[in-house]
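A short worksheet on the structure shown next.
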Amino acid sequence: MKILLMGHPNVGKSVFFNRLTGARVFESNYPGTTVDFMKGWMRLEGEDVELIDVPGTFSLEPKDKAEEVAVKMLTENKDSVVVCVLDASKVERGLYLALEIIERGYPVVVALNMWDVAEDKNIRIDVEKLERILGVPVVPTTAISGEGFKELVSKLKEARPVKIEEIVERAGAGKEGGGEVAAVSG
Amino acid sequence: MQVKKEVVKLPLSVDERWDLIEKITKQTVEFGAYKHTLKDAIAELTVKPLTGIPVAIAVLYGFWSFFCDFAGTLFTDGFMVKIFDEHWLPWLQSVFPGGLGNPVYALMVDAGHLENGVLVPSDNCFEAFGVLTSGLFVPFGVVLWAVLAFYLVFAFLEDIGYLPRLAVLVDTVLHKIGLHGYAIVPTFLSLGCNVPGVTATRVLETRKQRFLMITLLGIFIPCGAQIGIMQDLVPELMGWIFLTLAIGYLGFGYILNKIVPGESPEIIMDVPPYRMPTLRNIARKLWIRTSRFLLVAVPFVLLGCLIVGLMYLTGAMDWLASVLGPLLIVWFGVPKETVAPLIAGFLRKDLAVGVLGGLMEQGVMTHFQVFTSVVLLCIYFPCLATFALMLKEENWKEFLGSLASLVVMVFVYGGLIHLVGLMLGVA
């Protein structure tokens, strides 16, 4: 099993990576700190698991070299669990990437990072409901201080691929338009 | 686009995906009333031009003052020069076997120099030019402190989140040269070391932007090591040097942007909120970057010292000086001895400026020649490490393009500086 850390630029993936692996990759407060992937190892239930810090990307249609690296990492590591790191104060945009990854058939765990910032901004997220709709584990985290990491790690094994149709159904309405449901070919 | 993308058919179309997200977030996310905080007020003050530009100037000035005071005055002048020139060098001169004139002694400790036809010993570590004297003084006496000071402030600016705001401020100017405000990040990184600077160009969108950026970085941005030693050697010239490099960066960028085909699209960039830096992260970055510097730079500086020393001893340097002398003298207006720092510059720029320092101490150069040489050293060739990375990051065509730009630039700009000097009557 491998774990990929993915998410928008500057949501704290590198902080996750350092916390989980004890490695020392650069963390900065600007988008584009990581432009190449980094690999490290973490212990998961007595097992050594490879963790990859993927450069930030907004979607799976790459716009620059760093995003190309991100998409390449995803397609090259088909057997991975993806930890999709979202900025909890900007859930919508983060969900776009998360859904794209789910649609490609990867098991996903969603980390709602910068939970503290979202709280400061008076944004309230119903984590349980989000988890129910998405059908994947959702964990609020504050990477800088390490809150939520224990829970995140414990949920890694629960990650399963989810059919997007089920998410659409649970979100409340049938899929309009339909038609182009193609097999996810990776 | 030049990238062949692997086409993956996803179940949802872009619109359908956004619809779904809306449905999900409507049920799960609630936005409370947002209070305008002090942090927001500061954030706004630093991006609006009217207040942002003075803030930027203050920040950069503070950065520079700290750099000079901490690295230059406190450590280098306060401790290191004294330790190296008053204790280390005389001690080595007294105990190292061989003595003045012996080749091994010359390579390792002090080559000495001719004064009225008599070989005299050096009295400082710039001039001595031995592996154990200058070779250690350059990295440990001068450059280490400059690198430390630079990365300390830089890590702080990084973690607070100031850099993207600086990017917003300089966006308009950088668009004139086909770059985006975000180019300030690779530029700033390059002021520490060009190697991570070149890597950071990956955030730029098109190959054209990357090419422009890498070429400009390679030519015009001196690294922290080089700045540190220049500051130690010619503090009074630093303003002119930076001005000359900035004019070159912008002017040449403007021209390159006109002649290089390709697009320079607008990138929409996130400005992150200000955050409190953690001491842990700053300390960690400082440690990684400094140790990386020591690991990479020190062997190169020592090797460079040895090579330059050997070239002097074998007469290769004199031969090169006489071959390239006419070009250097006529075109650039610098003495033929400048060949030595130029050779050293292939390996490390800090070492090259160190060699130049030795020449200055011997009094073979005028003030203006020192200025020209320092600028030439900046622009004529990126150091070996940067050069290797350019080869890796660019394709062949781009790489040759960067090289060609470099050659043209050195001759045009170097000649121009000489010409201006002649017209002003200082050359």
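Letters A, B, ... mirror the listed sequences (proteins, then strands); counts begin at 1. Just so you know, these numbers use all the heavy atoms, side chains as well, and skip hydrogens, waters and symmetry mates. Note that the coordinates shown come from a computational prediction; the quantities given were computed from them, not determined experimentally.
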- Message: At a 4.5 Å cut-off on heavy atoms, which part of B:Val185 comes close to chain A: side chain, backbone, both, or neither?
- Response: side chain
- Query: Is a side-chain donor or acceptor of A:Glu103 paired with a backbone partner of B:Leu12 at a separation under 3.5 angstrom?
  - Reply: yes
- Query: Are side-chain heavy atoms of A:Ile164 and B:Leu20 found at a separation under 4.5 Å?
  - Reply: yes
- Task: Please flag which part of A:Leu134 lies under 4.5 Å from any non-hydrogen atom of chain B: side chain, backbone, both or neither.
- Result: side chain
- Query: Tell me, side chain or backbone of A:Val15 under 4.5 Å from chain B's heavy atoms, or both, or neither?
  - Reply: neither
- Task: Mind ranking B:Pro273, B:Ala33, B:Pro272, B:Pro164 by heavy-atom pairs under 4.5 Å with chain A and telling me who comes out on top?
- Result: B:Pro272
- Side chain proximity check, B:Ile21 to A:Tyr96, heavy atoms < 4.5 angstrom: yes
- So what's closer than 4.5 Å to chain B heavy atoms on A:Arg132: side chain, backbone, both or neither? neither
- Side chain proximity check, B:Arg275 to A:Met114, heavy atoms < 4.5 angstrom: yes
- Output for pair (B:Phe31 CZ, A:Ile125 CD1), nearest 0.5 Å, gives 8.0 Å
- Query: For B:Met276, does the CE atom have more than 12 heavy-atom neighbours from other residues, nucleotides or ligands under 6.0 Å away?
  - Reply: no
- Is there a side-chain contact between A:Ile167 and B:Ile24 (heavy atoms, below 4.5 Å)? yes
- Task: Go through the atoms of B:Thr199 and report whether side chain, backbone, both or neither lie under 4.5 Å from a heavy atom of chain A.
- Result: both
- Message: Please check if the number of heavy atoms outside A:Lys157 that lie under 6.0 Å from its NZ is greater than 12.
- Response: yes
- B:Lys48 NZ: over 12 foreign heavy atoms closer than 6.0 Å: no
- Message: Pair A:Lys65, B:Glu393 - check side-chain contact (heavy atoms from CB on, under 4.5 Å), show working.
- Response: CA-CA 10 Å; A:Lys65 185 85 191 286; B:Glu393 291 285 319; 4.2 Å; yes
- Item | B:Glu205 versus A:Asp64, closest heavy-atom pair with distance | CA-CB, 3.9 Å
- Message: Among A:Lys129, A:Glu128, A:Arg124, A:His8, which residue has the highest count of heavy-atom pairs closer than 4.5 Å to chain B?
- Response: A:Arg124
- Beyond-backbone contact of A:Glu92 with B:Val29, side-chain heavy atoms, under 4.5 angstrom: no
- B:Arg17 versus chain A, heavy atoms under 4.5 Å apart: side chain, backbone, both or neither? both
- Task: Let me see the working for A:Asp36 and B:Arg202 under side-chain contact (heavy atoms from CB on, under 4.5 Å), right down to the final yes or no.
- Result: CA-CA 9 Å; A:Asp36 209 344; B:Arg202 289 183 173 193; 3.3 Å; yes
- Task: Tell me, for A:Glu67 versus chain B, whether the close heavy atoms (under 4.5 Å) come from the side chain, the backbone, both or neither.
- Result: neither
- Message: So for B:Tyr274, is it side chain, backbone, both, or neither that comes closer than 4.5 Å to the heavy atoms of chain A?
- Response: backbone
- Side-chain contact, heavy-atom cut-off 4.5 Å: B:Gln27 with A:Asp126? no
- Query: Can you name the residues of residues 149-161 of chain B that have some heavy atom under 4.5 Å away from a heavy atom in chain A?
  - Reply: B:Glu158, B:Asp159, B:Ile160, B:Gly161
- Query: How about A:Lys90: does its NZ atom have over 12 heavy atoms from other parts shown lying under 6.0 Å from it?
  - Reply: yes
- What part of A:Ile133 lies closer than 4.5 angstrom to a heavy atom of chain B: side chain, backbone, both or neither? side chain
